[in-house]
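Report on the structure given below.
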Amino acid sequence: MPAGSVTRFAPSPTGLLHLGHAHAALFARRTGARCLLRIEDIDAGRCRPEFAAALIEDLAWLGLEWDGTPRVQSRHFIDYRRTLDALAGRGLLYPCFCTRGDIASAIAAQHGVPAHSYPGTCRGMPRGEAEARIARGDAHALRLDVARALAATGPLAFTDLIQGPRRCAPEAQGDVVLARKDTPVSYHLCVTHDDALQGVTLVTRGEDLLEATDIHRLLQALMGWPEPLYAHHALILGPDGKRLAKRDRAPTLRALRTAGHRPDEVRAMAGF
Ligand code: GLU
């Protein structure tokens with residue numbers, strides 16, 4: 001670990017923390033780097049202040065302390081908007097009016113398009129038409145024109161301390177959404193913005209986010225932000241061998257605590 005490294009734990013307060021979060025938090029803290037806490041609460045429909053308060057308390061109970069004051073993303077929409085405007089000013093974003101249904105039928109009609117990626121329906125929309133639709137209040141997202149972005153940056157890669165070297169293929173995910181219809185910004189934009197702003201030099205997170213990093217490297221290269229080191233760790237699995245998730249009612253730290261487990265026992269259950 002290079003001296004002066006900075007990492008972070010960046011949970012989204014959409015529910016109570018479970019053992020998977022405890023693993024990620026302990027992993028970040030145990031790197032030995034300066035470790036920040038960031039509350040990623042941009043999705044007002046899913047995040048709740050009481051979950052943010054609960055996670056801070058649960059992490060403290062677990063014995064985790066953080067460096068500096070936690071950053072709360074929902075207080076910084078103006079900063080993220082500036083980044084969006086900078087990308088839009090370079091012609092790298094376009095409005096997309098498609099519904100989920102529109103996208104599913106366009107994918108079904110176009111063989112060879114990966115089912116999870118966007119087939120580019122609105123990419124070629126004449127500017128006048130897009131402006132008229134925005135003026136009349138049609139709901140739209142803003143997508144990154146990934147081919148154009150890659151033409152500006154050239155090929156990208158990153159070093160992962162666990163997974164090894166990786167060549168980025170952001171195009172495999174289609175033109176990702178950077179501003180959603182219901183939320184003014186997206187995870188990809190906020191996370192890269194904040195990692196750069198906060199001087200994060202080591203990004204630790206679960207390996208389920210490995211592909212997201214291909215997009216993050218693209219945004220970093222476009223914005224001239226530094227490239228951190230990455231460590232995408234394995235996810236801890238439930239007794240059924242599947243990853244723990246809130247929707248599967250994974251045991252929350254709070255439930256384990258109420259059941260009488262001590263912090264050191266819960267840390268051990270989380271792999272530390
Ligand atoms: N907020 C994201 C999550 O809870 C993690 C962000 C990150 O580590 O980059 O899944």
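Remember, it's 1-based here, ligands and their atoms both numbered in the order they're listed. Since the model is a prediction, treat every value here as computed from it, not as a measurement.
- Aromatic ring orientation, F27 versus F272: perpendicular (interplanar angle above 60°, classes split at 30° and 60°).
- The CG atom of L62 sits 10.0 Å away from atom CG of D264, with the distance rounded to the nearest 0.5 Å.
- The closest approach between Y187 and ligand 1 falls below 4.0 Å for a heavy atom of the residue.
- By the 30° and 60° cut-offs, the orientation of the rings of H188 relative to H216 is perpendicular.
- Regarding atom 10 (O) of ligand 1, its nearest protein heavy-atom neighbour is L209 CD1, 4.3 Å.
- Every atom of ligand 1 is numbered from 1 in the order shown, and the set under 4.0 Å from a heavy atom of V191 is 9 (O).
- For atom 5 (C) of ligand 1, the closest non-hydrogen atom on the protein side is A10 O, 3.4 Å.
- For the residues R8, E40, H232, H216, the heavy atom positioned nearest atom 6 (C) of ligand 1 is part of E40.
- When each atom of ligand 1 is checked for a heavy atom of R205 under 4.0 Å away, the hits are 7 (C), 8 (O), 9 (O).
- Ring geometry for H233 versus H23: interplanar angle over 60°, hence perpendicular rather than tilted (30 to 60°).
- The aromatic rings of Y80 and F77 sit perpendicular, their planes meeting at an angle over 60°, well past the 30° parallel limit.
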